[in-house]
There are 2 protein chains.
Amino acid sequence: MPDGIGGAERRRVTLDEVARDAGVSRSTVSLVLRDSPLVAEGTRERVRASMEALGYVYNRGAANLRASRTNTVGLLVCDVSNPFFAELTAGIDEVLDGAGVSTFLVNTNESPEKQERSLQRMREQNVDGVILCPASGSSPDLVERLRRWGMPLVQALRYVSARDGDYAGSDYQLGMEMITEHLIRLGHRRIALVGGNLVHSALSDRRTGFTNAMRRHGLAPDLIVRSPLNRRASAEAVGALLDRADPPTAAIGFNDIVAFGMMLGLTDRGLEAGCDFAVAGFDDVPEAALSRPALTTVSTLPFQIGQEAAQLLLRRIVDPNGSPERVILPTRLIIRESCGAAPRRERGLTRG
Amino acid sequence: MPDGIGGAERRRVTLDEVARDAGVSRSTVSLVLRDSPLVAEGTRERVRASMEALGYVYNRGAANLRASRTNTVGLLVCDVSNPFFAELTAGIDEVLDGAGVSTFLVNTNESPEKQERSLQRMREQNVDGVILCPASGSSPDLVERLRRWGMPLVQALRYVSARDGDYAGSDYQLGMEMITEHLIRLGHRRIALVGGNLVHSALSDRRTGFTNAMRRHGLAPDLIVRSPLNRRASAEAVGALLDRADPPTAAIGFNDIVAFGMMLGLTDRGLEAGCDFAVAGFDDVPEAALSRPALTTVSTLPFQIGQEAAQLLLRRIVDPNGSPERVILPTRLIIRESCGAAPRRERGLTRG
DNA sequence: GAGCAGTTTTGGATCGATCCAATATTTCCA
DNA sequence: TGGAAATATTGGATCGATCCAAAACTGCTC
């Protein structure tokens, strides 16, 4: 029995065999593989034909061992099933795949330990670089350690230290200032900021923006509610706010999901966002335009952040000692109905 | 200048150096690395100490070249930013990461061409196996081709051929039968199935389930609407249904997103789901319990499907010639308010 | 047809681990 | 105490590519 049941155990065709078949040397075949301009047109065709005929499959593992680059990178996100990270992932995939780079994905679940293990593993895999959304509670020397490893690193969406290393994200602080200013302009004086129970830059940047805008108008930024980023908790949070002795008249969600949850909480009390209470979101997910009332929010473009992060990493891999870049995409205020500013949409489907 | 600016270009410490430092052979160090029971306790500790002292980093690339397994797998999903695929991805990551396997992620965007290129690349990377959600329009001989490559393959959520190869998914057909039966039991006679404009098994299975249930009760399954899987299109679709000469009294969405869109379409016409028209969803996303009215739907557990798919792939890698398995998770009918069956929820937050 | 520049091609060393058959060491019992 | 069995350790070959310096070809000019 030459082959075992099933016969799947085919031996791999190597460069040497292709070379023999084409009547050239292994080195020449290698050059053809890498599209080197050194090899003559006729030879190239002959080699290509042999590869085809023998069913040659390139062995990246073997190449990686010798070559300096592996054309692989690591991507560590905190929670893929959060649509925001998922969009980011899609943007990254688009750019990296286009550049012929394969991506190792890890879902850290906000666990610094899993993040640590995964980074170590990425290093063992010899990836050319890493894109990291640091888990809440990441050690602050993380960037420095990766630098010592000689491992190109781009942080995305969040950063461990505001002054260190490459980063791609949105201007959360400015975005939050804009939406807060918008509410103040509409006459609100008691405004709450709801959502977020972990510690990371994306949260503190928003808090800073909120606090800055409030203080600028002599208002107290005292209604900051720490709560999980889901609908139910947010609905409960808005209820607690309304039960206060000094209830707010408006609330900004950490993100759109929180805002939707708050609208739900209002509905359950017989109140309506945009009429009885102003609700604002953050991120502008597709659903924001389609909620009733449509959500006033701030767009943050996670897909584009992903693209930027990937491009930045590719640059850093080529030029490891270039000076760090911080790509901050602008945010945009999207005024719809939930803060009561825009005219009520008439019945029927209009563009949100 | 011994080190260049930045000094990141550290040479790698190899097994040989560790061996020299520990006063043993390279082979012994290799055995320690792989936790072989062959090596004596004292030796093991001495080697470990040397690895620590020299800052040794395992080189998986080198190991992969020689060893038969690479402990990497490929994961090809159609659309990571679809929460359903994202949950699947999270489930897969959990199991594979736990097994010490790294995952290459590719987002195929429903493009058979990108899928093809990516599979080829996975093959070149020498992955131990692949988990694939086949893109709509995948060639039917895909499974056979991977088999010829000797590449373990598990299809997830969708399959190219109903009779071929390993697969993990939900029982879409039965789920759809259950929800259709539910509506019929409530007295509905004209029922529509809305959403889905691509061709793949997850869609055709649902159609089959719907058709079967309708026929079983002598009803015509003629209201099958092909439309994109987003809210806006679904809202428009329900409008078109209501404008018909023979409008339905109930509609089932391909998934919950479609159902939410239909509820939106009803709202915009001044109608309410659960009172004036029955709306059912499919998947039971977290939001389903929190919509108003709460959505009656079918749970399909994508995270668990991911776990099952990953476990199945690991089994298949160990035993490539084992007979194919099809892991079909049961679906469950979740009755809430949107079909008018359950008593209306009183005001206030109750468990959905 | 020698010399030279430019273009192609080549063989051997190398990357850093695993595999394997052989050898060295220890243990244990007759 | 001799020797078989069990336990530890080892060196050389190997995986399949890339790198590099040298060699072999061109074509051209004088």
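Protein chains get the first letters and strands the later ones, always in sequence-line order, with residue 1 at the start of each.
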Can you tell me the distance, in whole Å, between the OH atom of A:Y58 and the C1' atom of D:dC15? 15 Å
Grab the CG-P distance between B:D16 and D:dG11 for me, whole Å please. 10 Å
Measure from CG on B:L15 to P on D:dT14 and round the result to the nearest Å. 19 Å
Sidechain N-carboxylate O distance under 4.0 Å for B:R20, B:E17: no
Can you measure A:N126 atom CG to C:dC15 atom C1' for me and round it to whole angstrom units? 10 Å
Output the rounded distance in Å from CD (B:Q125) to P (D:dG16). 16 Å
What pairs of nitrogen or oxygen atoms, one from the protein and one from nucleotides 10-12 of chain C, lie under 3.5 Å apart?
| residue | atom | partner | partner atom | Å |
| --- | --- | --- | --- | --- |
| C:dT10 | OP2 | A:S25 | N | 2.7 |
| C:dT10 | OP2 | A:S25 | OG | 3.2 |
| C:dT10 | OP2 | A:T28 | OG1 | 2.8 |
| C:dG11 | N7 | A:S27 | OG | 2.9 |
| C:dG11 | O6 | A:S27 | OG | 2.5 |
| C:dG12 | N7 | A:R26 | NH2 | 3.4 |
| C:dG12 | O6 | A:R26 | NH1 | 3.2 |

Go through the structure and list residues passing salt bridge (Lys or Arg N to Asp or Glu O under 4.0 Å) with B:D319, not counting sequence neighbours. none
Among residues at least two apart in sequence or on other chains, which ones pass side-chain contact (heavy atoms from CB on, under 4.5 Å) with B:D97? A:K114, A:R117, A:S118, B:D93
Interatomic distance, A:Y56 OH vs D:dG16 C1' [rounded to whole Å]: 8 Å
For A:R34, all residues meeting salt bridge (Lys or Arg N to Asp or Glu O under 4.0 Å), sequence neighbours excluded: none
Can you tell me if A:S27 and A:S30 form a side-chain donor-acceptor pair at under 3.5 Å? no
Residues which pass salt bridge (Lys or Arg N to Asp or Glu O under 4.0 Å) with A:R326, listed by chain and number, not counting sequence neighbours: none
Show me the side-chain donor-acceptor pairs of residues 38-46 of chain A shorter than 3.5 Å, one per line, residues at least two apart or across chains.
| residue | atom | partner | partner atom | Å |
| --- | --- | --- | --- | --- |
| A:R44 | NH2 | A:S36 | O | 2.9 |
| A:R44 | NH2 | A:V39 | O | 3.2 |
| A:R46 | NH1 | A:A22 | O | 2.8 |

State, without any angle test, whether B:T72 and B:Q125 hold a side-chain donor-acceptor pair at a distance under 3.5 Å. no
Could you run down nucleotides 22-27 of chain C 5' to 3' and tag each one B, S or - for protein heavy-atom contact under 4.0 Å? ------
A:R69 has an atom CZ; how far is it from atom C1' of D:dA17, in whole Å? 17 Å
If each end axis of the helix from C:dG1-D:dC30 to C:dA30-D:dT1 is fitted on five C1' pair positions, the angle between them, to 10 degrees, is 50°
Between the side chains of A:S25 and A:T28, does any donor sit under 3.5 Å from an acceptor? yes
Taking 4.0 angstrom as the limit, do A:D164 and A:R145 come out as a salt bridge? no
Strictly by ring pair (Phe, Tyr, Trp, His ring centres under 6.0 Å), give each pair with a member in residues 31-74 of chain A just once, sequence neighbours left out. none
Rounded to the nearest Å, what distance is computed from the CG atom of residue A:N64 to the P atom of nucleotide D:dT18? 10 Å
Qualifying residues under ring pair (Phe, Tyr, Trp, His ring centres under 6.0 Å), relative to A:Y159, sequence neighbours excluded: A:Y167
B:F104 meets the ring pair (Phe, Tyr, Trp, His ring centres under 6.0 Å) criterion, sequence neighbours left out, with A:F104
Residue-level proximity of residues 32-54 of chain A to DNA chain C when a heavy atom falls under 4.0 Å: A:L38, A:V39, A:A40, A:T43
